[in-house]
There are 2 protein chains.
Amino acid sequence: MDFSQAQQSICRALDNNEMLLIAGNCNVKYDGRAGSRLDEGERLIIVKGDKSFAVHQNQKLTPVNYQSPGCTITTEITGNDTLLIKSLRRKPVKELIQVDFSDISFLTSLSLQDKNKLRLGGMETDIHKELVKDLGVVEQGLVPVKRESHMTRGSIDIYAMDKNRIPVVIEVKRRKAGLLEATQLKRYVTELRKQKNQRIRGILLAPDITDKAKAMLENDGLEFRKLNYEMQETDVKLKGLQAKQRGLAEFFN
Amino acid sequence: MDFSQAQQSICRALDNNEMLLIAGNCNVKYDGRAGSRLDEGERLIIVKGDKSFAVHQNQKLTPVNYQSPGCTITTEITGNDTLLIKSLRRKPVKELIQVDFSDISFLTSLSLQDKNKLRLGGMETDIHKELVKDLGVVEQGLVPVKRESHMTRGSIDIYAMDKNRIPVVIEVKRRKAGLLEATQLKRYVTELRKQKNQRIRGILLAPDITDKAKAMLENDGLEFRKLNYEMQETDVKLKGLQAKQRGLAEFFN
DNA sequence: GCTGGGAGAGGCTTA
DNA sequence: TAAGCCTTTCCCAGC
């Protein structure tokens, strides 16, 4: 493909905020927070209307090089008879991607009409919302006090009170909890204990937990509770206590 | 575009592990770990040779819906005269994306010849490697003992010994450190202190640190050191101690 | 703008 | 395979 013509098409697409697709043989340099080099080969470049920039190989979900929305894109035809496409970002740090095409095999710009936004459900906050409706699924007699309580060192997912009026810090995780999550809970509880100078319980609520994290929790006098939920469309449905747990709770009551 | 013809093109591209690009008016459903709905609009679908799957709107770097490499892709022409493309994954959890096209405005498959891989430098491990060559940039008299030492609870970046033969745990971060990083270091040091039952120093080495994280470190008797480095191509160049610090070190020596 | 923290995180390495 | 952890994380919500 003629580079001069390609250049024109690219400029027009950029001006109109269209989605720009370019494929061809190229090498890629990146210099910024890190640095990378990619020798010759055929890849696809995508520039979106918001001026995000991505270089894709024919594998992996994620681009091999990329630039966040808002970068500045320029093109030039070099002395070596290549088309050089630059993507520059200045903030928060200067970052530059240079794609040097020796050949362009494919170039298209798409004008995509799209007013709708993704509705996504099943995230941690969605689980929070369901939980505070009835903390009984975690433990009989548990009452929510505050959600997303901000502390000096991070924020607590749910702050509650148990039936004996002991404060309970609940850390909710939508997937299997590991050391990081256990440590996070520990941090909150430790700080609160110092602050209030009284007994504070800590519960890590997750679908599952790793052995090491479990051991760490127990070592620190913290608790793990299994979180049961399922998705229905974009909504979270909490599943109650398991029969065994429920029985136990009733027994102690 | 004729759906039947589109279907054929898609099958051929999938068989040949080509990069498949499809644009058109569609709605998108996702059900799996979470759930999402995206009402009608024009988007670009990308299927790569390794069967990764992405739905892109004309904004943001990241796809609005996606599937990791290895998913199974099927197509069918529905009764409503739409072309339905499904992407299914079974492990680790069942996940399904359904893209229902009422119209396809663009369809291409690209055969990309590409044998080269990205060479990326400036990651945390690259900094480790430079550091252990001369820990003097961190503190005069510091000697490396072990790199990436695995513990019961996580792994230590660099384990070293100071000039007084006090063990030092060094946690390296390539960017500004926050509460999470401070907590991580604390976790390692705490465990090691228990294990060895002796004084252990902990140093968080990063280009910068947030105020809260700094306060937390000091509160726990841990230290922060500024990490100075710059990129040269794909290589990390450590910059020595600042003049002031160097002067101080020499003074105490 | 900085900070904190989730994400359907993804992707990598090691046990 | 599971666990832990880095990422040019990206992205968003709060302040």
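From a predicted model like this one, the values you see are computed outputs, not experimental measurements. First the proteins, then the strands, lettered A, B, ... as listed; each starts at 1.
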Closest to the [X] side chain: [options]?
| X | options | answer |
| --- | --- | --- |
| B:Leu179 | D:dT9, C:dG4, D:dC11 | C:dG4 |
| B:Arg187 | D:dC5, D:dT1, C:dA9 | D:dC5 |
| A:Tyr30 | D:dT8, C:dA9, C:dG4 | D:dT8 |
| B:Glu95 | C:dC12, D:dC11, C:dG8 | C:dG8 |

NZ/NE/NH1/NH2 to OD/OE distance under 4.0 Å, [X] and [Y]:
| X | Y | answer |
| --- | --- | --- |
| B:Lys86 | B:Asp100 | no |
| B:Lys176 | B:Glu181 | no |
| A:Lys133 | A:Glu130 | yes |
| B:Lys226 | B:Asp208 | no |
| B:Lys214 | B:Glu218 | yes |

5' precedence on DNA chain C between A:Leu61 and B:Ala213 (nearest-nucleotide basis):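 With A:Leu61 and B:Ala213 compared, the 5'-side residue is B:Ala213.
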Pairwise 5' ranking along DNA chain C for A:Pro92 and A:Lys173, keeping only the more 5' one: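 Checking each residue's closest nucleotide, the 5'-ward one belongs to A:Pro92.
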Check whether any side-chain N or O of [X] sits under 4.0 Å from OP1 or OP2 of [N], and answer yes or no.
| X | N | answer |
| --- | --- | --- |
| A:Arg175 | C:dG6 | no |
| B:Arg33 | C:dA7 | no |
| B:Thr62 | D:dC11 | yes |
| A:Arg89 | D:dT8 | no |
| A:Thr210 | D:dA2 | no |
| A:Tyr188 | C:dG5 | yes |

Which whole-number value in Å describes the distance from [X] [atom1] to [N] [atom2]?
| X | N | atom1 | atom2 | result |
| --- | --- | --- | --- | --- |
| B:Asp157 | C:dT14 | CG | C1' | 15 Å |
| B:Glu124 | C:dT13 | CD | C1' | 14 Å |
| A:Gln184 | C:dG5 | CD | P | 6 Å |
| B:Leu120 | C:dC12 | CG | P | 11 Å |
| A:Lys60 | D:dT8 | NZ | P | 13 Å |
| A:Leu180 | D:dG4 | CG | P | 10 Å |
| A:Lys176 | D:dC5 | NZ | P | 15 Å |
| B:Tyr229 | D:dT8 | OH | C1' | 10 Å |

First encountered from the 5' end of DNA chain D, between A:Pro69 and B:Met123: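 Comparing both residues, the 5'-ward one is B:Met123.
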Only one of A:Ile45, A:Leu83, A:Val47 clears side chain to side chain contact (heavy atoms under 4.5 Å, CB included) with A:Ile10; which?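 Result: among A:Ile45, A:Leu83, A:Val47, A:Leu83 is the only option passing the side chain to side chain contact (heavy atoms under 4.5 Å, CB included) with A:Ile10.
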Under 4.0 angstrom, heavy atoms only, what part of the nucleic acid is [X] near: base, sugar-phosphate, or nothing?
| X | value |
| --- | --- |
| B:Ile97 | base |
| A:Lys91 | sugar-phosphate |
| A:Val64 | base |

Indicate, yes or no, whether a donor-acceptor pair under 3.5 Å links the base of C:dT3 to the side chain of B:Asp211.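 Answer is no: no donor-acceptor pair is held.
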Answer yes or no: is there a donor N or O on one side and an acceptor on the other, between the side chain of A:Gln67 and the main chain of A:Ser52, under 3.5 Å?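 Side chain of A:Gln67 to backbone of A:Ser52: no pair is present.
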Same-atom distance ([atom1]) from [N] to [M], integer angstrom:
| N | M | atom1 | value |
| --- | --- | --- | --- |
| D:dG4 | D:dT8 | P | 22 Å |
| D:dT7 | C:dG5 | C1' | 15 Å |
| C:dA7 | C:dG11 | C1' | 14 Å |

